[in-house]
Amino acid sequence: QVQLVESGGGLVQPGGSLRLSCAASGTIFAIHTMAWYRQAPAKERELVAAVTSGGSTNYADSVKDRFTISRVNAKHTVYLQMNSLKPEDTAVYYCNAMIQTHPTRALRENWGQGTQVTVSA
């Protein structure tokens, strides 16, 4: 039983900044990868950024040099710092984590409920 809860979404003007947080709770042995996805209306869900437990990161080309993903393993928390926001960043942002609840069990993919980010003047 694992839950992911996002926070930090909202309305922001173009060029502004926003910081998203996602905290995992429940029975957790290890979280291997944490990531942020986003989905705009009529579009497929896409990977925005991901970070491994060791700190390695990947970013979508569209957010390179603007977004930064980070995590605090001891808190089971991942962050997404979003700077220089553009209207095309408008979407529901979802937290994702690959989690083991027990050392003998396989990784399972978990999703948060999503948080709306709207970039508009």
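When a residue number appears, it is its place in the shown sequence, counting from 1.
Formation of a donor-acceptor pair under 3.5 Å by the Y59 side chain with backbone atoms of D65 is not found in this model. Side-chain atoms of R71 come within 3.5 Å of backbone N or O of V51 as a donor-acceptor pair. For the pair S62 (side chain) and A60 (backbone), a donor-acceptor distance under 3.5 Å is absent. Between the side chain of R66 and the backbone N or O of S84 there is at least one donor-acceptor pair closer than 3.5 Å.
The two residues S17 and N83 make their nearest non-hydrogen contact at OG-OD1, 2.9 Å.
The number of heavy-atom neighbours closer than 6.0 Å to CD of E44, taken from other residues, nucleotides and ligands shown, is 12 or below. Within a 6.0 Å radius of CD in Q3, no more than 12 heavy atoms belonging to other residues, nucleotides or ligands are found. Heavy atoms of other residues, nucleotides or ligands lying less than 6.0 angstrom from CD of E109 number more than 12.
A distance of 5.0 Å separates CD1 of I99 from CG of L4, quoted to the nearest 0.5 Å. Rounded to the nearest 0.5 Å, atoms OG1 (T33) and CG (L107) are 8.0 Å apart.
A cation-pi arrangement is present between R19 and Y79, with the terminal nitrogen or guanidinium carbon under 6.0 Å from the aromatic centre and inside a 45° cone about the axis.
The closest side-chain heavy-atom distance from E6 to Y93 is not below 4.5 Å. Between S120 and P87 the shortest side-chain heavy-atom distance does not fall below 4.5 Å. With contacts defined as side-chain heavy-atom distances shorter than 4.5 Å, the pair F67/Q81 does not qualify. Side-chain contact check for C95 versus V78: some heavy-atom pair is nearer than 4.5 Å. Using a 4.5 Å heavy-atom threshold, the side chains of M34 and M98 count as separate. Contact check for D89 versus R38: side-chain heavy atoms found under the 4.5 Å cut-off.
Residues V119 and W36 share a hydrophobic cluster, clusters being chains of Ile/Leu/Val/Met/Phe/Trp/Tyr side chains in contact below 4.5 Å. Under the 4.5 Å side-chain heavy-atom criterion for grouping Ile, Leu, Val, Met, Phe, Trp and Tyr, V92 is not connected to L80 through any hydrophobic cluster. Y94 and L18 sit in two unconnected hydrophobic clusters of ILVMFWY residues. Membership requires side-chain heavy atoms under 4.5 Å apart, directly or through other members.
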Determine all donor-acceptor pairs shorter than 3.5 Å in which one atom belongs to a side chain in residues 20-32; sequence neighbours excluded.
from	atom 1	to	atom 2	distance (Å)
H32	NE2	Q100	OE1	2.7

Q: I would like to know whether V63 and M82 meet side chain to side chain contact (heavy atoms under 4.5 Å, CB included); could you show each step before the answer?
A: CA-CA 9 Å; V63 306; M82 303 184 293; over 6 Å; no

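Salt bridge K64/D61: present, at least one basic N to carboxylate O contact under 4.0 Å.
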